[in-house]
Amino acid sequence: MAIKPLVARIQQYNPNCDVSFLHRAYDFALEAHHNQKRISGEDFIVHPLEVARILAELELDLQSVVGGLLHDTVEDARIDLGVIREEFGDEVALLVDGVTKLRRLAYRSKEEQQAENLRKMFLAMAKDVRVILIKLADRLHNLRTIQYHSVPKQREIAQETLEIFAPLAHRLGIYRIKWELEDIAFRYREPEKYYELAQRLSSTRGAREGYIRNVIDLLQEKLAAMGIGADIQGRPKHLYSIYQKMVAQNKDLNEIFDILGIRLLVDSVKDCYATLGVIHTLWKPVPGRFKDFIAVPKSNMYQSLHTSVIGPEGEILEIQIRTWDMHRTAEYGIAAHWRYKSGAKDDPAYDEKLAWLRQILEWQHELRDAREFMETLKIDLFADSVYVFTPMGDVLELPAGAVPLDFAYRIHTDLGHRCVGARVNGKLVPLNYQLKTGDIVDIIKAKQPSPSRDWLNLVKTSQAKAKIRQWFKREQREENINRGREALEREARKQGLDMEHLRGEKMLELGKRYTLHTIEDVYAAVALGVVAAGALVARLKEQVRAEHPEEETAEVVVEQKRWSKNAKGIRVLGIDNLLVRLAHCCNPVPGDAIVGYITRGRGVSVHREDCRNITLWREREQERLVKVAWDQQFDASFQIRLEVSGMDRAGLLRDVMNVLSEMKISASWVTARGNKSKMATIDLTIEIRNLEQLEYLQQKLRKVRDIFEVRRVV
């Protein structure tokens with residue numbers, strides 16, 4: 001008996017449907033959910049039956065209604081999908097599988113589980129959009145019975161509905177479902193605000209309804225005089241849409257003037273525009289509030305004329321004008337193309353109407369991070385739209401706030417990468433110009449691609465963001481591979497390892513221990529600091545020694561001979577033909593413990609071991625440090641700085657200079673200064689040959705009368 005109303009509803013729009021197929025599906029679902037109860041206490045079968053009824057109200061084909069009856073059999077009754085396929089065919093099995101959640105997999109977080117469920121649903125939806133229609137019907141009935149859940153669960157379900165499912169219904173043009181989803185979810189997510197708003201609207205309902213009746217009577221009279229037949233309805237504003245407007249405009253309900261609405265349904269497009277003319281002669285239109293969605297339909301196929309006028313008594317009145325066919329599409333959206341007479345696959349414009357879905361799947365294909373996926377999905381679903389034109393007259397839909405870069409990336413990835421400017425309506429505009437409906441956009445492109453990281457803060461669409469990120473990820477990867485390869489080669493030279501081992505199977509085996517599957521992955525990981533070059537080469541060296549112990553002695557001999565030729569009194573281990581210079585930050589002299597640092601483009605700079613820069617580099621850039629040594633046969637002078645401190649007296653500077661003269665040490669710079677405390681400081685830049693000479697000089701100076709400190713300045 002329970003299925004009779006469902007059968008009767010389907011036969012209203014599809015008299016030739018296979019009723020036995022429907023009965024068989026109902027019996028199967030009834031058996032599968034036998035003894036199962038909902039949280040409300042009612043039999044579980046009530047839920048799939050109600051889902052099927054919602055789908056029948058949308059006048060969907062028989063397979064969709066059967067899919068609604070069976071949508072929980074795999075998830076909640078643990079029926080194998082193969083059984084569904086065998087009993088009801090591939091088409092129904094695809095629909096059931098698309099709606100089924102991924103409960104059997106383990107997830108790191110609830111957010112990741114939600115993202116993967118939605119990802120699977122979108123992929124199934126791309127194959128057959130009826131998947132999402134069943135899911136929307138499922139969500140709608142769950143919302144109708146949401147009162148049986150705990151308050152936290154109610155708010156969680158309501159939040160997800162407002163973030164994902166209501167926007168989806170909007171994008172699919174199914175406003176009949178969208179409004180109900182939003183209002184119920186609003187009631188449970190923000191109950192205080194919902195009931196306060198409902199109470200305030202209820203108190204003025206009588207006055208509003210009387211006002212609308214007067215407007216309808218006047219319009220009926222004027223249109224009849226013009227010979228235009230029209231069905232005119234008052235269009236009550238839904239609570240959630242009023243609340244959204246109050247929040248967006250930061251206004252109180254008393255300041256929202258356009259909560260009154262009228263909808264006119266006429267027979268033809270010609271009548272739509274004629275009716276618009278009548279309305280605009282009756283009342284003054286509000287500038288900037290006219291939208292022609294007949295000439296430029298929304299991506300969800302919505303068509304209508306929208307205008308706002310200053311109606312009787314100075315009230316702002318929103319008016320929609322559309323044909324009956326347009327109204328059906330507005331109510332049912334994409335579902336209108338799945339009627340029994342002609343399926344959506346027979347509609348040549350079907351793919352174009354679901355282009356936004358293909359785009360979402362395309363630019364989110366590489367978004368494996370759950371949070372990023374959810375964030376960009378919400379942007380794509382929620383955004384209001386602007387409609388702009390290419391120079392050839394094609395219309396593109398972009399989210400409100402989109403800039404020329406979004407337009408360029410929507411046309412082609414390469415055009416986006418090479419975008420350097422844009423002309424909008426023939427005038428040059430900056431890249432941060434926000435496009436408006438009706439703009440004609442012409443992109444100015446460079447010869448070579450040159451994206452900027454700053455673009456990520458400019459663009460609105462997730463498509464553009466994803467393409468820009470991909471560009472830098474690819475470019476950065478190539479740079480990291482080169483940097484990592486160089487670091488490993490330097491480390492291999494330092495440790496005396498043959499370069500060939502860096503590209504061999506042993507290196508690949510080591511990389512797999514770090515879940516790095518190619519040599520390039522290993523190089524990139526080294527550059528990013530994920531793997532230390534020194535540790536990696538050391539392990540590789542151990543493996544080589546274990547397999548070829550005879551190479552160890554030879555390696556030591558090689559290491560002993562790998563010192564470079566003398567360069568400014570310095571020999572470098574493992575590197576030839578490099579510029580060598582002494583660092584001015586610490587001014588090393590022969591006898592100092594030293595270490596080399598491979599600079600970018602200026603050869604090797606030689607520092608004292610205790611130099612503060614070396615301490616920093618040991619922590620951050622260990623791979624750039626190389627062994628260096630003083631050449632014992634090299635005889636040359638080096639500049640150092642000394643600071644001599646003592647009591648200020650006459651002749652102090654003369655005594656210091658006498659010491660330098662006795663030791664035949666020349667000074668290239670000398671300054672002396674005193675202070676009020678009778679302290680004197682003498683700064684010297686002198687030429688010495690080695691550390692022993694410096695230490696002897698310091699001892700001599702400390703013996704000078706009234707000098708109490710002589711220190712080397714770094």
Side-chain angles (χ1 to χ4, degrees), residues 167 170-171 173 244-245 248-249 285-308 352-364 375-446 449-471:
H170 171 77
R171 292 304 299 261
Q244 280 184 307
K245 187 164 290 189
Q249 299 178 8
V286 178
R289 295 293 297 271
F290 170 67
K291 296 177 182 177
D292 188 345
F293 293 117
I294 293 179
V296 184
K298 291 185 178 182
S299 61
N300 60 15
M301 305 170 299
Y302 178 87
Q303 287 184 288
S304 188
L305 295 178
H306 288 193
T307 187
S308 293
E352 189 176 326
K353 290 165 183 172
L354 278 182
W356 64 271
L357 170 62
R358 318 276 185 223
Q359 288 162 357
I360 286 177
L361 291 171
E362 176 189 341
W363 63 65
Q364 293 185 351
E375 177 187 338
T376 55
L377 178 61
K378 291 168 190 175
I379 290 172
D380 290 320
L381 291 178
F382 260 126
D384 292 329
S385 298
V386 294
Y387 298 88
V388 296
F389 296 88
T390 69
M392 302 300 294
D394 297 325
V395 180
L396 286 185
E397 181 193 14
L398 293 169
V403 298
L405 284 167
D406 293 296
F407 177 91
Y409 278 105
R410 179 64 58 84
I411 297 292
H412 195 277
T413 301
D414 183 61
L415 182 63
H417 288 338
R418 294 199 286 151
C419 176
V420 292
R423 289 186 183 90
V424 174
N425 304 323
K427 296 180 180 179
L428 285 171
V429 297
L431 290 180
N432 63 353
Y433 170 83
Q434 292 193 356
L435 299 173
K436 301 176 182 63
T437 294
D439 283 345
I440 302 172
V441 187
D442 187 13
I443 297 298
I444 302 169
K445 60 183 181 180
S450 57
S452 165
R453 289 191 184 277
D454 294 336
W455 290 3
L456 290 169
N457 299 321
L458 290 180
V459 296
K460 179 72 173 179
T461 61
S462 54
Q463 176 194 25
K465 289 182 189 292
K467 296 301 182 185
I468 295 166
R469 288 193 187 103
Q470 286 173 18
W471 164 271

Ring center gap for His306 and Phe293 short of 6.0 angstrom: yes
Tyr409: ring-ring contact (aromatic ring centres under 6.0 Å, His included) partners, not counting sequence neighbours: His417
Set of residues satisfying ring-ring contact (aromatic ring centres under 6.0 Å, His included) with respect to His412, sequence neighbours excluded: none
Leu396 CG to Asp439 CG distance, which is reported to the nearest 0.5 Å: 12.0 Å
Euclidean distance, Trp471 CH2 relative to Thr413 OG1, rounded to 0.5 Å: 11.5 Å
Check: [Y] and [X] side chains under 4.5 Å, non-hydrogen atoms:
X	Y	answer
Ile294	Leu305	yes
Thr390	Ile411	yes
Pro297	Tyr302	no
Pro399	Lys460	yes
Val429	Pro404	yes

Listed partners of [X] passing side-chain contact (heavy atoms from CB on, under 4.5 Å), at least two apart:
X	result
Ile440	Phe389, Asn425
Pro430	Asn432, Tyr433
Ala295	Tyr273, Asp292
Ser450	none

Pairwise salt bridge (charged side-chain N to carboxylate O under 4.0 Å, His left out) hits with a residue in residues 418-438, at least two apart: Asp414-Arg418
Contacts of type salt bridge (Lys or Arg N to Asp or Glu O under 4.0 Å), residue Asp442, not counting sequence neighbours: none
Side-chain (Asp406) to main-chain (Thr461) donor-acceptor, under 3.5 angstrom: yes
Main-chain N/O of Leu456 paired to Lys465 side chain as donor or acceptor, under 3.5 Å: yes
Of all the heavy-atom pairs spanning [X] and [Y], show the shortest one and how long it is.
X	Y	result
Ile443	Cys419	CG2-SG, 3.8 Å
Leu435	Leu398	CD1-CD1, 3.8 Å
Ile468	Ser452	CG2-O, 4.2 Å
Val388	Phe407	CG2-CD1, 3.7 Å
Val420	Lys445	CG2-C, 4.1 Å

